[in-house]
There are 2 protein chains.
Amino acid sequence: MSRVGLTPERLAQAGAELADEIGFDAVTVSEVARRFDVKVASLYSHVKNSQDLRTRIALLALEELADRGATALAGRAGKDALAALANVYRDYAREHPGRYDAARLKLDPESAAASAGGRHSRMTRAILRGYDLAEPDQTHAVRLLGSVFHGYVSLESAGGFSHSAPDPQESWERILDALDALLRNWPADQQG
Amino acid sequence: MSRVGLTPERLAQAGAELADEIGFDAVTVSEVARRFDVKVASLYSHVKNSQDLRTRIALLALEELADRGATALAGRAGKDALAALANVYRDYAREHPGRYDAARLKLDPESAAASAGGRHSRMTRAILRGYDLAEPDQTHAVRLLGSVFHGYVSLESAGGFSHSAPDPQESWERILDALDALLRNWPADQQG
DNA sequence: GGCAGTTGCCTAAAGGCTTTAGGTAACTGC
DNA sequence: GCAGTTACCTAAAGCCTTTAGGCAACTGCC
């Protein structure tokens, strides 16, 4: 009975790989056990339950995304930074569709607080330093950018743009152009 | 052994109600059977399998959303139409979170073709008639609007904006202002 | 090096969901 | 009122989750 060396981290890592191969929804405790050639019950010493495993995969994906974002943003500003971060999300979703789905899991408040979510919003806010936006418009813009990045990538990965011209790549580029123009020319509050 | 009168439509309807109550992920064939006080196997004469049931719920939600959109757009144009359709999505997601999740299900190509997806993109395109956008920019704009609507509503419902100022309602309004401004002033293709 | 204690993976078992096969009772129309 | 069809049923197999309790393999200390 040799020991395999299971840890919560290794389980999450294996779950993330599995998610990319078979889809995040198909990642089960049983499937991960199979991958380690270990009995299912053995995993329950390392993760609380199925939900716990899925949450750990989500947290891992969020950290990976944040790491990539930090790297991409280094030394860039303005439109250049905007496009760099946007492409991090889109490229990650294409390379790791299962992990990307995992990153979209609704987290309980505690996990959300411990997640890289804060890093993500800080990165988006960093981009906005290249534009001239005061609060609360800056926060509105953070939310807009988050919505567009997440929304576009989700719709594209769901096949929403497939089989129709123009190419999604072209739309993506033009949408980034448009967002850049919008941020440089953010409308004043008409309510004012 | 009285007959209950099961049909695919009634199962989808019950599934949709269930989704709002317990979450779309928790909607199972067993749970729907329980709601009709009927044995599980009985449902399999009316739906092919679990995936089929879920797809029917998704199609129902997409139709409901499209119906609401059509009603909201009637007699409106420009920014007024933009805000009306946007609010249809957001309000629907708040009133019917389970159905909204269902509407985001990845559909197989055949179901997607038979879905109300086409109505949705035509409605968005109708809004753009109030702005001066030629192809391919019009399609880029359709995709942008779809991304923002879906992205914002998803992030908000996932709790992404909770417990932080300013109020999500305010961001939403300012984002709609910003989109209106952007559409009135869509940047020319820098590529030339 | 050997022993005590701890840890890690195991077997066993119960309960739930999915799906198929085949039976019986309730409707339909002639 | 009867024959045929349809709708729901029982039964059963397979897989996933989760808990309880056991044994073997490590750890560290003498």
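For the numbers below, each heavy atom of this structure counts, side chains included, while hydrogens, waters and symmetry mates do not. Labels below follow one simple rule: chain letters A, B, ... track the order of the sequence lines, proteins then strands, and each chain is numbered from 1.
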Heavy-atom closest pair, residues B:Y152 and A:R143: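 Taking B:Y152 first and A:R143 second, the nearest heavy atoms are CE1-CB, 4.2 Å.
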message: For a quick test of reading the model, state the closest non-hydrogen atom pair linking A:I57 to A:A12 and the distance between them.
response: CG1-O, 3.8 Å
message: Rounded to whole Å, how long is the line connecting atom CZ of A:R3 with atom C1' of C:dG8?
response: 4 Å
query: Just how far, in rounded Å, is C1' of D:dC15 from CD1 of A:I22?
result: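 Checked: the CD1 to C1' distance equals 14 Å.
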field: Residue-phosphate contact under 4.0 Å: A:S30 side-chain N/O, D:dT17 OP1/OP2
entry: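 Checking A:S30 against D:dT17: at least one side-chain N or O falls below 4.0 Å of OP1 or OP2.
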message: Determine whether A:R174 and A:Q169 satisfy the following criterion, side-chain hydrogen bond (donor to acceptor under 3.5 Å, both in side chains), listing intermediate values before the conclusion.
response: CA-CA 9 Å; A:R174 298 290 287 115; A:Q169 175 64 30; over 6 Å; no
- request: Scan residues 34-51 of chain B against DNA chain C and write down, sorted by residue number, each residue with any heavy atom closer than 4.0 Å; if none is found, say none.
  value: B:R34, B:V40, B:A41, B:Y44, B:N49, B:S50
- prompt: In degrees, rounded to 10°, what is the bend between the two ends of the helix from C:dG1-D:dC30 to C:dC30-D:dG1, using five pairs at each?
  reply: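 If I round to tens, the end axes sit 10° apart.
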query: Quick one: side-chain contact (heavy atoms from CB on, under 4.5 Å) partners of A:E9, sequence neighbours excluded?
result: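 Counting only residues at least two positions away or on another chain, A:E9 forms a side-chain contact (heavy atoms from CB on, under 4.5 Å) with A:T7.
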message: Under a 3.5 Å threshold, yes or no: a donor from one side chain and an acceptor from the other, between B:T124 and B:H120?
response: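 The answer is no; no qualifying pair exists.
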query: Salt bridge between A:E17 and A:R99, side-chain N to carboxylate O under 4.0 Å?
result: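 Salt bridge between A:E17 and A:R99, a charged N being under 4.0 Å from a carboxylate O: no.
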- prompt: Out of curiosity, A:L65 CG to A:L85 CG, how far, rounded to the nearest 0.5 Å?
  reply: 9.0 Å
